[in-house]
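First comes the structure, then the notes that go with it.
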Amino acid sequence: MEFFLQPLTLVTFFPLLGVLLLFFLPSDKKNLLRWTAMGFTLGTLGISLWVLELFNAPNPHLQLVAKYDWITVAGWNIQYHMGVDGLSILLLLLTTFLTPISIFSTWTAVEERVKEFMIFFLMLEIGMVGVFLAQDLFLFYVFWEFTLIPMYFLIGIWGGPRRIYAAIKFFLYTMAGSGLMLLALLGPGIEGKTFSLPDLISSGGIPTNTQFWLFLAFTAAFAIKVPMWPLHSWLPDAHVEAPTAGSVILAGVLLKMGTYGFLRFNIPLFPQAAVDLAPWMALFATIGILYGAALAFAQSDVKKLVAYSSVSHLGFVILGLFALNPEGISGAILQMFNHGISTGALFLLVGMIYEQTHTREIKVYGGLWKITPVFGTVMLIVALSSMGLPGLNGFIGEFTILLGAFGSTAINNPWYAGLSALGIIMAAIYILTMFQNMFLGPEGSIVEELKKRGHVLRDLNRREIIIMIPMLIFIFWVGLYPKPFFDLIGPTVDNLVAALQTTTLALP
Amino acid sequence: MVPQDYYIALSAILFTIGALGVLIRRNALIIFMSIEMMLNAANLAFVTFANTYQHLNGRIIAFFVIAVAAAEVAVGLALIVAIFKSKHSIDVDQMSSLKG
Amino acid sequence: MPPINFNDIEVLLPLIILVIWACLLLLVDLFIPKKHKWLTALLAAFGLALTLGFTLSQLGSESNGFCATGKPSICMVVLDGFSVLVNALLLLTGLLGVALAYGYLKRMGIERGEYYTLMLFSISGMMLMAQASDLIIVFLALELLSLPLYVLSAFARSNSDSQEAGLKYFLLGAFSSGFILYGIALVYGATGSTSLSQIFEIASVGTSSLLLTIGAALILVGLGFKVAAVPFHMWTPDVYQGAPTPVTAFMTAGAKIAGFAALLRVFGSAFPNLSEDITPILWALSAATMIVGNLLAIAQTNIKRMLAYSSIAHTGYILMAFVPYGNPEVAPVSIAAGLFYLFAYTITNFGAWGVVIALEQKESKGLQISDYAGLRRKYPVLAGAMTVFMFSLIGFPPTLGMVGKFYLFRAVLSGGYTGLAIIGVVTSLVSAFYYLRVVVNMYMFAGEPKTDNEFWLRFTIAGAALVTVVFSLVPQGLFAWASRAVLKLF
Amino acid sequence: MLFSEATTTSFFSLAPWLVFAPVIGLLINIIIGGRFSEKLIGAVASVASGATFIVSLLLAYSVWVGHGQGESIFLAEWIHVGSLSLDWTFRVDSLSTTMMLVVSGVGTLIHIYAIGYMHEDVRFKNDPSRFRRFFVFLNLFIAAMMILVSGDSYLMLFVGWEGVGLCSFLLIGFWFEMDTLARPSWANSNAAKKAFIVNRIGDLGFLIAGFLMFWYLGSLQFDEVFAAAPELADTQPGIIIAITLFLLVGVAGKSAQIPLFVWLPDAMAGPTPVSALIHAATMVTAGVYLIARSAPLYNLVEGAQSVVVIVGAATALFAATIAVGQYDIKKVLAYSTISQLGFMVAAVGMGAYVAGIFHLVTHAFFKALLFLSAGSVILGLERGHHLLAHAHNGGAADHDDEEEVRRTEPAEVFDPGDMRNMGGIRKTMPVTFWLYMIGSLALVGIIPFAGFWSKDEILLDASLKYPAVYWLLSTAAFFTAFYMGRQIWMVFFGTARHEAAANAQESPKIMTVPLMVLAGLSILGGLLNLPFKGFHNLGHWLEFTLGEVELLGLDPTVAGLSTLLALAAIFISWLLYGRVTLKQADRDPLKKPLGFVFTGMENKWFVDEAYKAMIVDRYTDVCRFLADVIDSRFWHDWFHEKLIVGTYNWFSNTGLNYYADQKIIDAFANGLGRTTKYLSASVRRIQNGFVRSYALSVFLGVVLILGYLILK
């Protein structure tokens, strides 16, 4: 019993109760199914808030640790080891926050096979929360891979016309990376006789050469997940075909698993390699930022646009992480959260209009702000947050990241930050172009077409507004008063950077 | 006395002939006979080595092998007969409906 | 003639019981009317369970049996942790095989009592293989397990595919026994003995002779054939497709376990000194098997064939663990990993074949992957279980397959064969292609599959799925077991 | 710290209300404004803006009684991460209060004016519901501008900096579904987007300057930066130069200097109060404020200063020449604004901060006046035009009847802003005419109007420090007088060239009264800083913040020369435009003598076209290329689909003659080349079902293994 009452165990496996309950509910009572799933995700959110309450921010170490022997025979030393610290607390909250929002957004969007949808969604939440809390390499891997399965079904069953293609591509791509990670995480596990991350870090001393290869292997998994340029090819397909809720979770949480992996594993576990390779990571991040932004501009499909913008935004996160200084890393963590909120909100909004018009072609829209003023205003705020307008959340993250990267001794080249800052202009270009083409200008052809079909474009309804309000609150909150967020992150990051400085040669 | 190397060489040749027979012939019975030839080549080797080491082991093994070969014959012939009954042919090349 | 040694009997006790039971069953079956063949099945299962009980009671004991007079190290059979676990696994395979077969035989109209007897005999051959400590016993056990399998493959007499499968298997099997026998002869020639312990002693003294190495290589070929390693695998898809499905299920697991047991036993205890020569060959075989098995599986539309190639691929994975067999530090991990993976594979595999059997209709209908379309809607539990099996075969959590692969890779990496491990990972990725195809069909396409409600089949499938998931979450016990499977060395 | 001076008369703690007041105003209008009447909405917004003005006054008073002692008022922690620590802190000193007063003062007047203006505008454009939105945006602008001028750190300034950029975007694109002539079009939204993006380019410079400051000077807070700068200037002056020049990029964006000025003329798409408030009086002067604020940095590096001067002076002249060739009443003013901003930038570049700020203040007065008067003219023409339309339709001219207006579609495309449609408005709109005259005279710099004093001070400074620049600026001043003269003659004198002009109607009081206030300020603004000893009020006031500044007297030569130039220019313009009234279809009289030069002026020297050809189109091309060719065709289709998926297909084909599972592979199917088909056929042959070939495989395996063992 003690095992199950650990706060972190509870927050991870609470949705499992929902899954079990859903199995026994009749599949034709759709609203019952929806509210059950909603209830359990809200419950998880509640538990995660309890975790936040228990979390002692100034303590830079793992907290609320749940540690039990799992497999400890035959030379194995695998533990059920969960813990939360400044690196993961925000992402935990982001996950538990976005999941109910996504489920709420499916009320009218998912009408078929509701029961399965909800089951998969709850399973997905288990995996995602587990990824952010696991402190044992093996446990992490299990959760990491597990998230793939429900997402695969979510895309493959409830997705768009090319859903199966997208689902398989998503699955194989991610699996390709994680396979190498599997080998790599066995490396320290065999050498160090343990899979516990804190133990491995504190024992340290992986030879520089080994660090290098293991770093690359982990990078393969994380870089695909992020996705870093040039491994991004699966993302637009997956995003375009995924149902709205899937896109939200995919962009909001799943991609963060990659950047989080870098932060949790690559940097502390292979500090020397991280320092040595930081310029390369920065290079790829910078290319990703510019490339993603350029591509986003050229898209005619709004979901693709947002997908490519994710490539660009997550480039910022990578850049910040490998600045390897407190500014960059804190900024990157906050930016993960921000991106989850902003891009999640973008996908939600795109989904809301798609539900009415069934097209994602930007061309056919136009002048929506006049027809649907509330929708337009919310979209504007979210879009501005995505392009990093000061006063909104995106800016805080991007600014601190660029600031950190600019003076980073690890990257040691202000050009990366300088060029990446171009990404901010390019973000303005594609976001504003998108906003203009959909919401400004004369009425688009879709309005006429809908009229012919007897539809009138409606503004956001109450449910949709309720979905968006918490997103907007976070957008403003982080933008205007990010202190509580930085307070959660700061101590752990300072500790991490200090540890880096003691374990590596290159950092002064 | 014939040197034992000759016996071993003979056994190797017999084995090879047997193996090639399996590869070349199309009649299931002849293939089967070739396999028997391979087994007997091994028997010859056993007996020769037994002679070299002055053991009984190798000779006893030869008897085991003969017994096993007999069992194989029983099963093999039954299979071949069954197939002949339905297909009226024991050409192994005609049995290629399973492939790919 | 030496007096009967009860110790010898004890070493082989489960095997002896099983053989006697099989012989009795053969007789009893004559008196069981055609309508009540379930009784035969039940008796066979009971025999297997009984033997399993005896086998498990042997856990922890270690001894030799049928030793040369005055030379207690030169023995015919051996009892050790490894053999007990392999035997237990084989008996489990048998039980699952019976469970899968019962309804199927009835449905297909080929219900005859000999089926179970033949299975019991084959299992006794397999068990003997795990316990053999003399090459000639290995050969005899090989024949004992193979001959009933030839017959079983052709068991559906009216089905020409089944006949073809039987004959192909028989011809090629006999062909490969020729190699193994000749290999034994050469080893005998090189060392003057067929006893594993003596071969080990002699081989470790002198420099390794070419004769010995070639002999060992030929034995490897023969065993490689049994476990379906590339390039000795070509019979596998044809036979697995043609044979009645429960036989196939039984073969994929049983013959593989026995083959690997012999491989480990022979090479681990007799030829560790040849590892310098043999390891590269094993490496190549393993890599080729993984690659060819997975790539050709992609092309299949028939689920039996696909699973056959998948079985080849899994041979490659398991072989991977044995590549560092000559490294005394890694060898125990290798054995444990291999054994664990065999267990994981057996459970998953039986589950998957169970679903295949459930959907198979007369005249080889319902065997296309596209016949699985819409399974989710009509039979959600079946589809769910199949999904679990497919993910387990890919090696995805939370399934046994994933834990097994984890264990395997650990062994390989411990031995320092990173390249092989990478091939393993990449080919698993390739394998996801075709396993997912089944899942896609079940969940994302519409169709009207049909299946009969057969309790034991359903029970087996559900049980396998449950075990696959649950034991992946609490594998501690299984790991402990696997690690007890130590080869008794001399 | 908050009340370290602890004077009873200190109102410093009110500083946050600079922002809160307009935010409360806009929140009220957003949340419950839907139920308000237009008057009430306007009143709420104006009161909010007025409250800001009062707070500004109180703050200025506090600074004054504190003998110029400024205060930093801490509100809340903001970004504290690593060694970066920034707070929401308001800086109240003489410089920032000057800006606050200008912004909130002019802003409030424009709020009031806009109540009248927008009332009509939304009706002419057929969307009265947008009235509320306008005032929300205006209040938002005031809030952002207040953050800009009161920020205590570069980053907080940047928040306001981008915030006003956003408001500019929103307000330029206020009528986003049409062009300036209310035809359905993308023009207005394009202008809005252009403004934002060009500004962002400047902001990039700002950001990079910030990064440099942080890493080399250790902070972004003004005082800390300034304190650390001298030391750095000794060791690495290059860094300071870089910082100041990157800041200049930001300034060029926001204050529409070369080469980033292109957005401002387009920004005239916004409603006229917006043009007046944002794009003339306040926002665009933020760049000037930034340089003045960064004076301690600029003072350290003379090289950077001269760059600023050159940019400013060049802009002043360049824009002035373009203004000569424009026909749109607002476009002329827009280029005039750019030109005047050039004056200011040049001034602050020279270190003549007082002159720059002085001109900023006076310019705010008279340019706001000019724009608003121009707005009045435009509305007057609109009214006249609608009157005509009604007359033609035989209906009564009742403008307050919304239904009536809505049904009335303009019979022809009529551009009420085109000066070629005007003429003789002097008579129909006398109040506006006089207001416009005052504004023009102030702009042209006729003594004693405000513009004279401030411009003269800049010219004087230039003549002392940068003689060449002095001549550039004087030439610009000459052009200024010429284009203003041209405008006045074309708009107000002569006879009407269009019936609408003949029927133009004067604007209501709510619009003209604020204009009168501005006119008063335009006349008397010079009093702020007369070039006589004891009258350097602004100079002394700013000294509190900027440190010792040089206070110049009046140089009769410079003043006389500039006045002469102005009068000469006006005279020439009368010769060309005033003597004879032009006909509507007439070519511009300058066209003939100047030829292609005038064509250049007319077409803004083709800068927009050049940017489009060199940058905009190229950017689009590159993006398209990356998206279509590199990412889609090469990376996605070729590499992934052909190479990876194609290989998969190929293996599918090895076993079978057709795609393995059509339904699934459909998605992957991309056709196989002949080579792959051939290959697949040959591989298929191996697993052919023949026992003997299987045996051969075994045999070959044996041979291989034995071969390896023997030959090893």
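Computed from a prediction, not measured in an experiment: that's the story for all the values here. Residue numbers begin at 1 in each chain, while the letters A, B, ... track the order of the sequences. Any value given below was found using the heavy atoms of this structure, including those in side chains, with hydrogens, waters and symmetry copies removed.
Here the CD1 atom belonging to D:Ile630 is positioned 6.5 Å from the OH atom belonging to A:Tyr291, to the nearest 0.5 angstrom. Here the NZ atom belonging to D:Lys194 is positioned 14.5 Å from the CG atom belonging to A:Leu432, to the nearest 0.5 angstrom. Interatomic distance, CZ of A:Phe439 versus CZ of D:Phe176, reported as 10.0 Å (0.5 Å rounding). Residue D:Leu204 holds its CG atom at 7.5 Å from CD1 of A:Ile424, rounded to the nearest 0.5 Å. Rounded to the nearest 0.5 angstrom, A:Met426 CE and D:Ile197 CD1 are separated by 11.5 Å. To the nearest 0.5 Å, atom CG of residue A:Leu380 and atom CG of residue D:Leu170 are 5.5 Å apart.
Using a 4.5 Å cut-off between heavy atoms, A:Thr377 does not touch chain D at all. Only the side chain of A:Phe297 comes within contact range of chain D, judged by heavy atoms closer than 4.5 Å. Contacts between D:Leu220 and chain A at a heavy-atom distance below 4.5 Å involve the side chain alone, from C-beta outward. When heavy atoms are compared at a cutoff of 4.5 Å, D:Trp88 approaches chain A solely by way of its side chain, counted from C-beta outward. For A:Pro414, no part lies under 4.5 angstrom from a heavy atom of chain D. Of the atoms belonging to D:Phe169, it is side-chain heavy atoms, and not backbone ones, that fall under 4.5 Å from chain A. Within the 4.5 angstrom heavy-atom criterion, atoms from both the backbone and the side chain of A:Ser233 approach chain D. Both the backbone and the side chain of D:Asn190 come within contact range of chain A, each with at least one heavy atom under 4.5 Å from a heavy atom of that chain. Contact annotation for D:Ile147: neither backbone nor side-chain heavy atoms come within less than 4.5 Å of a heavy atom of chain A. Both the backbone and the side chain of A:Trp369 have a heavy atom closer than 4.5 Å to some heavy atom of chain D. Only the side chain of D:Leu166 comes within contact range of chain A, with at least one heavy atom under 4.5 Å from a heavy atom of that chain. Using a 4.5 Å cut-off between heavy atoms, A:Glu443 does not touch chain D at all. Of the atoms belonging to A:Leu480, heavy atoms from both backbone and side chain fall under 4.5 Å from chain D. Looking at A:Leu402, both its backbone and its side chain come within 4.5 Å of chain D, counting heavy atoms on both sides.
The greatest number of non-hydrogen atom pairs below 4.5 Å with chain D, out of A:Leu392, A:Asn325, A:Leu334, A:Asp237, is found for A:Asp237. Across D:Leu212, D:Val622, D:Asp628, the residue that shares the most heavy-atom pairs under 4.5 angstrom with chain A is D:Leu212. Interface check for chain A: of the options D:Leu207, D:Asn188, D:Asn199, D:Ile201, the most heavy-atom pairs under 4.5 Å are formed by D:Ile201. No other option in D:Arg624, D:Met178, D:Arg133, D:Arg130 has as many heavy-atom pairs under 4.5 Å with chain A as D:Arg133. Per-residue heavy-atom pair counts under 4.5 Å with chain D were compared for A:Gly391, A:Ala166, A:Ala294, A:Ala421, and the maximum is reached by A:Ala294. Between chain D and the residues A:Lys304, A:His232, A:Gln299, the most heavy-atom pairs under 4.5 angstrom are made by A:His232. When each of A:Phe435, A:Phe395, A:Tyr430 is checked for heavy-atom pairs under 4.5 Å with chain D, A:Phe395 comes out on top. Among A:Ile329, A:Leu295, A:Thr400, the residue making the largest number of heavy-atom pairs under 4.5 Å with chain D is A:Leu295.
Of all heavy-atom pairs spanning A:Pro326 and D:Val81, the tightest one is O-CG2, 3.7 Å. Scanning all heavy atoms of the two residues, the minimum distance from A:Pro442 to D:Ser185 falls at CD-O, 3.3 Å. Between D:Cys623 and A:Ala298, the shortest heavy-atom contact is O-CB, 3.5 Å. Residues A:Asn437 and D:Trp186 share a closest heavy-atom pair of O-CH2, 3.7 Å. Across A:Gly441 and D:Ser189, no two heavy atoms sit closer than the pair N-OG, 4.0 Å.
In terms of modelled atom types and a separation under 3.5 Å, the side chain of D:Trp215 and the main chain of A:Leu403 share a donor-acceptor contact. For the pair A:Glu327 (side chain) and D:Ser83 (backbone), a donor-acceptor distance under 3.5 Å is present. In this structure, the side chain of D:Trp161 does not engage the main chain of A:Pro390 through any donor-acceptor pair within 3.5 Å.
Using a 4.5 Å heavy-atom threshold, the side chains of D:Leu84 and A:Phe399 count as touching. Side-chain contact between A:Ile429 and D:Arg200 is absent, with no heavy atoms from C-beta onward closer than 4.5 Å. At least one side-chain heavy atom of A:Leu384 sits less than 4.5 Å from a side-chain heavy atom of D:Phe196.
Contacts of residues 484-494 of chain A with chain D at a heavy-atom distance below 4.5 Å involve A:Phe486, listed in sequence order.
For D:Tyr216, the OH atom is loosely surrounded, since the number of other residues' heavy atoms within 6.0 Å does not exceed 12.
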